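Heads up: the structure comes next, in structure tokens.
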There are 2 protein chains.
Amino acid sequence: MEKNLKRMATMQRMQVTGLNLFYKKGYYNTSVDDILKELSLSKGAFYYHFDSKEDFFVQIIEQLVVRKVYSMLIEPIEGHENTLELITNCFEDALETAVHNELDYGFLLNNFINEFNGRNPEIMKHLNEILRIWEVTLVSAIQRGKFNGHIDRHVDAEGVAVYLMSSFIGIRTLMVETAPSARKYRFMSQLRQYFKSIESRAENQPNDTIY
Amino acid sequence: MEKNLKRMATMQRMQVTGLNLFYKKGYYNTSVDDILKELSLSKGAFYYHFDSKEDFFVQIIEQLVVRKVYSMLIEPIEGHENTLELITNCFEDALETAVHNELDYGFLLNNFINEFNGRNPEIMKHLNEILRIWEVTLVSAIQRGKFNGHIDRHVDAEGVAVYLMSSFIGIRTLMVETAPSARKYRFMSQLRQYFKSIESRAENQPNDTIY
DNA sequence: AATGAAACCGACCAACAGGTCGGATTACTA
DNA sequence: TAGTAATCCGACCTGTTGGTCGGTTTCATT
């Protein structure tokens, strides 16, 4: 068990800087040597731990990307309170992080999906899987909201989920390079506006105490 | 004038297949030879007409991408009728085209922005410029709507524009590979829902004849 | 101290990238 | 039809890519 410690450490070091570079420069535009140079490691070390560049990236997805998406977009909306509020805060936090991130290149998933779509089905499978989990999480959050009475019973949970994902993916692209903070603010305002339109009507009036 | 005819024809042929390949495989992942092979042309012909691969791409943006965005997203919403309806129809058409496009790789602008962001400022300048024009067009459409009385006077035009762009960019990513038609339908439903929430109140009631 | 496995090094390879260039074709003009 | 300019060809150059491999270092165990 403890033998693997060094192995794990090296692999993780590679994966972390690998993800950073892939995110910054793109997968196809980042060479294995680029990553190795940053780590002062050799080709031998790399191919000792990973079968290929592709295998390396798949492991990055499974080890790092999945976790990132989980902690950023999945777990924050798994509570049982007012789900619209949960989602609002979740998006707010995620976008705020992006604003303060000095080097922002947009939504990780979006970038990679665009890069691999139609080119690498194997990797696309992994990326789509993450999207699917996000979607499922959102759908069940909306349904919880409907059950809780926070969301109007007539709204289409799947529709709302798709709409939310779309807008989030898009705003992350729009926030790179051009007025991220202002755009975040405008986006959040309109998101709240939209949420108001799918809230249960009783929510807006004082006569919602149905106990 | 007529001398340039052949020149123009060849250049355009190169640009058209160039754009297709760049869209399909990405800029960095498409070699000049790839394009030339498809056209049965030689390196010499390419570098006779274009200074470099980058120059080639810039010209593609100016000649083809700009026009595409214009005819697809700008011109359709420049009318003076109910602008929310114009935008709805515009998005509907654009997404429908995407659904029927056998090989769809997402929103052209989004793909390229993700690929060049942080890597090629020169090209990013051109892409951001197109985004800006789209934004301006949307903003003035919303303002026209407010003036017309179709849109509530209190809504933030810039906010709506950003929200619309975001959602469109995002849905185009979500429509690749996974249930494009269903997602398009859900998206459009929610877009209409959102639009209802920014319509002028009088619009929803029969007592809106203010003449 | 000896040993053997795990971890790492770095020279090397074939394939391919963008770009050059001297020459061959083609097409227009006189 | 001769000549000249526009167009195109394709061998070639230099640098980079993902990947290989024989060898060296590191380190726990005996």
Side-chain angles (χ1 to χ4, degrees), chain A residues 1-61 63 112 115-116 119-123, chain B residues 1-61 63 112 115-116 119-123:
Chain A
M1 267 296 175
E2 311 103 43
K3 301 168 152 201
N4 292 341
L5 225 71
K6 187 174 187 191
R7 177 183 180 81
M8 299 294 267
T10 309
M11 288 176 79
Q12 193 159 23
R13 240 161 46 90
M14 288 177 174
Q15 287 167 355
V16 168
T17 66
L19 178 57
N20 282 336
L21 285 180
F22 287 149
Y23 175 51
K24 191 192 300 186
K25 314 205 304 164
Y27 174 83
Y28 290 112
N29 206 30
T30 301
S31 70
V32 175
D33 280 321
D34 287 340
I35 300 161
L36 263 13
K37 202 187 296 168
E38 194 134 312
L39 291 164
S40 301
L41 282 174
S42 69
K43 274 268 174 72
F46 183 86
Y47 283 95
Y48 174 76
H49 290 294
F50 303 99
D51 293 342
S52 65
K53 191 187 178 187
E54 178 171 329
D55 166 56
F56 177 58
F57 188 69
V58 170
Q59 293 204 37
I60 286 182
I61 297 177
Q63 298 295 320
F112 288 144
E115 188 164 8
F116 291 109
R119 285 155 234 169
N120 195 318
E122 174 63 22
I123 290 185
Chain B
M1 267 294 174
E2 311 101 42
K3 303 167 150 200
N4 292 343
L5 226 69
K6 186 175 188 191
R7 177 182 180 81
M8 299 293 264
T10 310
M11 287 175 81
Q12 194 158 22
R13 240 160 47 89
M14 287 177 175
Q15 287 167 355
V16 169
T17 65
L19 178 57
N20 282 336
L21 284 181
F22 287 149
Y23 175 52
K24 192 192 300 187
K25 312 205 304 164
Y27 175 82
Y28 290 112
N29 206 30
T30 302
S31 71
V32 175
D33 280 321
D34 288 340
I35 300 161
L36 263 13
K37 202 186 295 169
E38 195 132 316
L39 292 164
S40 299
L41 283 173
S42 68
K43 273 267 175 73
F46 183 86
Y47 282 96
Y48 173 76
H49 290 293
F50 302 99
D51 292 341
S52 64
K53 190 188 177 186
E54 178 171 328
D55 166 57
F56 176 56
F57 188 70
V58 170
Q59 294 204 36
I60 286 182
I61 296 177
Q63 299 295 321
F112 287 144
E115 188 164 9
F116 291 110
R119 285 156 233 168
N120 195 319
E122 174 63 23
I123 291 185

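None of the values given here were measured: they were computed from a predicted structure. Reckoned from all heavy atoms, side chains included, excluding hydrogens, waters and symmetry mates. Throughout, a chain's letter reflects where its sequence line sits, starting with A, and its residues are numbered from 1.
L41(B) places its CG atom 14 Å from the C1' atom of dT25(C), with the value rounded to the nearest Å. Going from atom CG of L36(A) over to atom C1' of dA11(C) covers 15 Å, rounded to whole Å. When the P atom of dT17(D) is taken as reference, atom CZ of F56(A) falls 15 Å away, rounded to whole Å. Rounded to an integer number of Å, the gap from D55(A) CG to dG18(D) P is 14 Å. Atom CE of M8(B) and atom P of dA6(D) are 16 Å apart (whole Å).
Contact annotation: R7(B) reaches the phosphate of dT7(D) (side-chain N/O to OP1 or OP2, under 4.0 Å). For H49(A) and dA6(C), the shortest distance from a side-chain N or O to OP1 or OP2 is not below 4.0 Å. Side-chain nitrogen and oxygen atoms of T10(B) include none within less than 4.0 Å of the OP1 or OP2 phosphate oxygen of dT7(D). The side chain of Y48(A) contributes no N or O atom lying less than 4.0 Å from OP1 or OP2 of dC8(C).
How far CD1 of I61(B) is from CZ of F116(B): 6.5 Å, rounded to the nearest 0.5 Å.
The neighbour count for Q63(A) CD, taken as heavy atoms of other residues, nucleotides or ligands under 6.0 Å away, is above 12.
If you look at F22(B) and F112(B), their ring centroids are not closer than 6.0 Å. Aromatic ring centres of Y28(B) and Y28(A): separated by at least 6.0 Å.
Residues meeting the side-chain hydrogen bond (donor to acceptor under 3.5 Å, both in side chains) test with E54(B), sequence neighbours left out: N120(B).
With 3.5 Å as the limit, one finds no donor-acceptor pair spanning the side chains of T17(A) and N20(A).
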Got a list of protein N/O to nucleotides 16-22 of chain C N/O distances below 3.5 Å?
| from | atom 1 | to | atom 2 | distance (Å) |
| --- | --- | --- | --- | --- |
| dA17(C) | OP1 | S31(B) | OG | 3.4 |
| dG18(C) | OP1 | K53(B) | NZ | 2.7 |
| dG18(C) | OP2 | V32(B) | N | 2.9 |
| dG18(C) | N7 | K43(B) | NZ | 3.4 |
| dG19(C) | OP2 | Y47(B) | OH | 2.7 |
| dG19(C) | OP2 | K53(B) | N | 2.9 |
| dG19(C) | O5' | Y47(B) | OH | 3.4 |
| dG19(C) | N7 | K43(B) | NZ | 3.2 |
| dG19(C) | O6 | K43(B) | NZ | 2.9 |

